[in-house]
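Here the structure comes first, spelled out in structure tokens, and everything after it is commentary.
Naming: A, B, ... by sequence-line order, numbering from 1 per chain.
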Amino acid sequence: MTLAAQLKLAAEQTLHKLFPEIDFPANIVTVNQTKPEFPGDYTIVLFPFLKLLRQKPDTLGILIGDHLVAHSSIVSSYQIVSGFLNLAVKDSVWFAFLQNQFNNPHFGEIPRQDNRVMVEYSSPNTNKPLHFGHLRNIFLGFATGEILKATGQQVVKANLVNDRGIHICKSMIAWKRYANGATPQSEGIKGDHLVGDYYVKFNDVYKHEVAEGVSKGMTQEEAEKNAPIMKEAQEMLRQWEAGDPETRTLWQTMNAWVYDGFKVSYCRLGVDFDKWYYESDTYLLGKKIVEEGLKKEVLFKKSDGSVWIDLTTDGLDEKLLLRGDGTSVYITQDLGTAKLKFDEFKLAQSIYVIADEQNYHMQVLKLILKKMNEPCADGIFHLSYGMVELPSGRMKSREGTVVDADDMMDEMVRLAKEQTEQAGKTEGFTTDELTKLYETIGMGALKFYLLRVDPKKKMIFDPKESIDLHGFTATFIQYAHARICSILRKENCPLMPDSSRFQSLTLSQNILPAEKKLFVSLEQYPSVLLTAAEEYNPSALCNYCFQLAQQFNSFYDEHSISKAENEEKKHLRLMLIIMTASVLRHAMQLCGIRMPEKM
RNA sequence: GGUCCGGUAGCUCAGUUGGAUAGAGCAUCAGCCUUCUAAGCUGAGGGUCAUUGGUUCGAAUCCAAUCCGGAUCACCA
């Protein structure tokens, strides 16, 4: 239990003991961290009790405070300031906490439980490379999965690849028309980029052909319908669905190029998947569910044979589930995939990391499954995040205005290199070590930039302004970590020393304010981690780590560790910074961000 | 128009189940390297928490209305 929770419990017990005749409502006691300008560590607000007990704040505060000091094992003293009861926690409590946890590499984690959770993320299309917007999805999904793992869930990370459909045929037809057999090898570029180039090419040609049609007297709509390249793409889709060998072979070849490219990107991003789904396998799923829905009369058929569900009583519309010709639409296969996931892995929960533009779709998906009494319905959770936009508006891959993910990674690593060299911090590294360091700093900055904001808020990224390496950044946290490692190296102390190293240490001196701040923050890590898990919000960890690193930097500036006032202080501080580094490493690792030992 | 999300310092964002004088970073200005890494630290300026009303000991936080911005409401995916 966290200290704050212990204090809350102690205060509740105190109230019941002091006023046995009063029936207190649940959660009447609020425990907050004491503001820095007041003495004490945690604060109990007295106002809620005053009316109930007909007491004045000072009188009541003394009663509770005295009782806590006398009977609780953690409160050393108290002070009442205008209705707030400020409690000081015994130094011995902080010290015991530090001794127990300072070298616990699993501090904050929750033991493994039985329920299994799937996190579906990334889920790219195979007609273009990953862009900056995908990165937010990928980091968010990966970090959420890792955070859930750390809090005891059994996580299945899944990637549902959109590998079929008209948009895939567009790149295929443009390649067929214009590539002259070009391959990633012949062009010397990544396969996903090559295919993406032909997707852009398709749209250029399409636009051109539409304009031509209009100039020949067609309406815009006619011209769009009759553009030769679009007709060819549609024909190609029909051939694909019919299983035409030549089309299938081209499809497989080009998709394989894309997968090779994605593999390189995913590897560099440091993310992985336990399960891959392909829409070419799943796009026919869901029809069975629709049939059952008709039997259960949850769905209805219109005269043209199309199948619908009426969601108007839920404030939504009627939604189509099968076309008149019996073919399925997007949501049909999603119904089937939802069930497939659930049956295959016996999921307690199925999380979809998808941008907020699909809020309505996900709401409908869950609602339909619920109306059909599918057991998977309740476990579906849409982790909705805001889109990343450019100052000029949304990124459009069709128009080639996207910030490419691979380019962005290169740019960040280049920036890390430039700034490291500028700061003159390259001494004492081998070339290989420097390469690795630049990657660690550049990728860390990129991930932190995208994870530090509340997922549901949309972001605007200006490519003209590079991502900062100062202030509220991964670099700042990495720097604090590297400083700690540097001290430990000089003290010949490992990052995770054996407990015996500080066993003889006893506490005889007061904990100083700058030390106390670290104690308080470290003790709160488990509850921060739990919040991040419960709210599917990695930004909680980013904020926490930044604050912890900041507190360390102030501490570092104010007090010497190696040349502490005496041995006791030195050892105490070593334990403190060992644990600080350990917690920073732990939390950032969950976000996929590495902490260098030297920078 | 319906539904949903957002609006906090010049910019980017924190702000816990309502709690003390609303906090960081960037940018601006002023200090701090002979001492464990200055990618750092200390300080200053900068606010009608979109607006109005309500709930109460207390509201950025809860409720209602309004304004502004965005997403979505396809026999597309």
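Of the listed nucleotides (B:G19, B:A77, B:U37), B:A77 has the atom at the smallest distance from the side chain of A:Q333. Closest approach to the A:F472 side chain among B:G25, B:A20, B:A14 is made by B:G25 (side chain taken as heavy atoms from C-beta onward). In this structure, of B:A14, B:C36, B:U17, it is B:A14 that holds the atom nearest to the side chain of A:V453. Closest to the side chain of A:F38, from the set B:C75, B:C36, B:A20, is B:A20. Distance from the side chain of A:Y360 is smallest to B:C73 among B:C73, B:C36, B:A77. Listed nucleotides B:G69, B:C41, B:A39 differ in distance to A:A423; the shortest reach to its side chain belongs to B:A39.
As judged by a 4.0 angstrom heavy-atom cut-off over every strand, A:K51 is placed among residues touching the sugar-phosphate backbone only. When heavy atoms are screened at a 4.0 angstrom cut-off, A:Q550 is found touching the sugar-phosphate backbone but no base atom. Within the nucleic acid shown, A:K563 comes within 4.0 Å of sugar-phosphate atoms alone, with no base atom in reach, counting heavy atoms only. Using a 4.0 Å heavy-atom distance criterion, A:E279 is classed as a sugar-phosphate-only contact.
Nucleotide B:A59 is matched to nothing when pairs are restricted to Watson-Crick or G-U wobble geometry with both distances under 3.5 angstrom. B:C29 is paired with B:G43 under the Watson-Crick or G-U wobble criterion, all donor-acceptor distances under 3.5 Å. Using the Watson-Crick or G-U wobble rule with both distances under 3.5 Å, B:G6 pairs with B:C68. A 3.5 Å limit on both hydrogen-bonding distances identifies B:C73 as the Watson-Crick or G-U partner of B:G1.
Counting to the nearest Å, the P atom of B:U35 and the CZ atom of A:R483 are 13 Å from each other.
At the phosphate of B:A39, OP1 or OP2 sits under 4.0 Å from a side-chain N or O atom of A:Y479. In terms of phosphate contacts, A:Y556 brings a side-chain nitrogen or oxygen within less than 4.0 Å of OP1 or OP2 of B:A38.
A donor and an acceptor atom, one from each side chain of A:S280 and A:D163, are located under 3.5 Å apart.
Between A:E235 and A:R238, at least one side-chain nitrogen of the basic residue sits less than 4.0 Å from a carboxylate oxygen of the acidic one, meeting the salt-bridge criterion.
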